[in-house]
Number of protein chains: 2
Amino acid sequence: MKQITQRSKCPVSFSLDFLGDKWSLLIIRDIMVYDKFTYGDFLQSDEKISTNILADRLAALEQNGFITRRVSAEKKNKIIYELTEKSADLVPIIMEYNIWGAKYNPDGEQALIEELKKDKQKMIEKYQDKIRRNLGALS
Amino acid sequence: MKQITQRSKCPVSFSLDFLGDKWSLLIIRDIMVYDKFTYGDFLQSDEKISTNILADRLAALEQNGFITRRVSAEKKNKIIYELTEKSADLVPIIMEYNIWGAKYNPDGEQALIEELKKDKQKMIEKYQDKIRRNLGALS
DNA sequence: ATAAACACTTGTATTTAGCAAGTAATGTTC
DNA sequence: GAACATTACTTGCTAAATACAAGTGTTTAT
């Protein structure tokens, strides 16, 4: 797994040192909005990440405090990945990517933009609440 | 220069297809907040991008409509890079990265977060106005 | 006329990403 | 309880992206 080296003190640069690649934010999105929690779930996402990259990103995200890893209580060969508070604070970034992407994708749904822009704060709180509720649960 | 292949229809994924690397958003940030406009300006940024990567990213950003390129009126060996409307719509994303990065960087300035969160909409408009004013100018 | 500034290119080494196949632990089925 | 299926990865190999150092061509200043 790659070791992160801080390039500058700029907060944007600092963020991208952790998240500036094509996959990390998509894994977080999977947990955040699509309720995916397992290695197999992530593999099935439309973007088709390869197995070794997924393993590497999961390890890095865990090491850097974005996700937690635990063995399922029911099935001991199943691993559950969940978001931390550090990732809950990424919800606004994901929402803004959603808005921008929906606007500039030729096949983008204009309806999604309108809804997101109109109820942005409500949507952000919705996803953050979901993450924080999970944080408290034992399951 | 790398050719972009769309991985899925998800707006987040779509955005990251263009911006999901360690450098593209930093170049846009340089123009947006630090008023840098030339190849030499970008090279001098704290993050120390290498020359060939910078050339590659500038070409990609131009081809994908994030920046425009023009020869300076005064000095004909100087090239001026400027942001398009497509990049003006990235201001909220950059601001959110600022907020997140300032919060989680150990050396992060707490004051910056407070100011940004408090006056977020004002800050966003400030940077967008600056870009749009430039768009109209001939200079 | 010469040197400096500027925007890149080129060449090479290192790192990262992608693909295909394999492995080890647990779970399920008959 | 033996055999097959899930699940979460590893491993080996190839391709692509990145980083570093040096060089090139055009324009500008002296």
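Labels below follow one simple rule: chain letters A, B, ... track the order of the sequence lines, proteins then strands, and each chain is numbered from 1. Note that the coordinates shown come from a computational prediction; the quantities given were computed from them, not determined experimentally.
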Please pick, from [options], the nucleotide with the shortest atom-to-atom distance to any side-chain atom of [X].
{"X": "B/Tyr39", "options": "D/dA19, C/dA7, C/dC19", "result": "C/dA7"}
{"X": "B/Lys76", "options": "C/dC8, C/dG27, D/dT27", "result": "D/dT27"}
{"X": "A/Asn52", "options": "D/dA8, C/dA17, C/dG18", "result": "C/dG18"}
{"X": "B/Ile79", "options": "C/dT28, C/dC8, D/dT28", "result": "C/dC8"}
{"X": "A/Lys78", "options": "C/dC8, D/dA17, D/dA8", "result": "D/dA8"}

For C/dG18, does OP1 or OP2 lie under 4.0 Å from any side-chain N or O of A/Trp23?
-> yes
Is any side-chain nitrogen or oxygen of B/Arg69 closer than 4.0 Å to OP1 or OP2 of C/dC8?
-> yes
Spacing of [X] atom [atom1] relative to [N] atom [atom2], expressed in whole Å:
{"X": "B/Lys22", "N": "D/dA19", "atom1": "NZ", "atom2": "C1'", "answer": "14 Å"}
{"X": "A/Gln3", "N": "C/dT16", "atom1": "CD", "atom2": "C1'", "answer": "15 Å"}
{"X": "A/Met1", "N": "C/dA17", "atom1": "CE", "atom2": "C1'", "answer": "16 Å"}
{"X": "B/Ile49", "N": "D/dC20", "atom1": "CD1", "atom2": "C1'", "answer": "14 Å"}
{"X": "A/Asp56", "N": "C/dT15", "atom1": "CG", "atom2": "C1'", "answer": "12 Å"}
{"X": "B/Ile53", "N": "C/dT9", "atom1": "CD1", "atom2": "P", "answer": "13 Å"}
{"X": "A/Leu43", "N": "C/dA20", "atom1": "CG", "atom2": "C1'", "answer": "14 Å"}
{"X": "A/Phe37", "N": "D/dA8", "atom1": "CZ", "atom2": "C1'", "answer": "18 Å"}

Should the pair B/Asp107-A/Lys9 be classified as a salt bridge under the 4.0 Å nitrogen-to-oxygen rule?
-> no
Salt bridge or not for A/Asp21 and A/Arg57, using N-O below 4.0 Å?
-> yes
Parallel, tilted or perpendicular, as decided by the 30° and 60° cut-offs, for the rings of B/Trp100 and A/Phe18 = perpendicular
Quick one: does B/Asn77 reach the base of D/dT26 with a side-chain donor-acceptor pair under 3.5 Å?
-> no
Does A/Thr51 get its side chain close enough to the base of D/dT10, under 3.5 Å, for a donor-acceptor pair?
-> yes
How would you label the contact of A/Tyr81 with the nucleic acid (heavy atoms, under 4.0 Å): base, sugar-phosphate, or nothing?
-> sugar-phosphate
If you look at every strand shown and take non-hydrogen atoms under 4.0 Å, does B/Lys2 touch a base, only sugar-phosphate, or nothing?
-> sugar-phosphate
Would a distance-only check, ignoring hydrogens and angles, find a side-chain to backbone donor-acceptor pair under 3.5 Å from B/Ser72 to B/Ile79?
-> no
Under 3.5 Å donor-acceptor, A/Ser15 side chain and B/Tyr97 backbone = yes
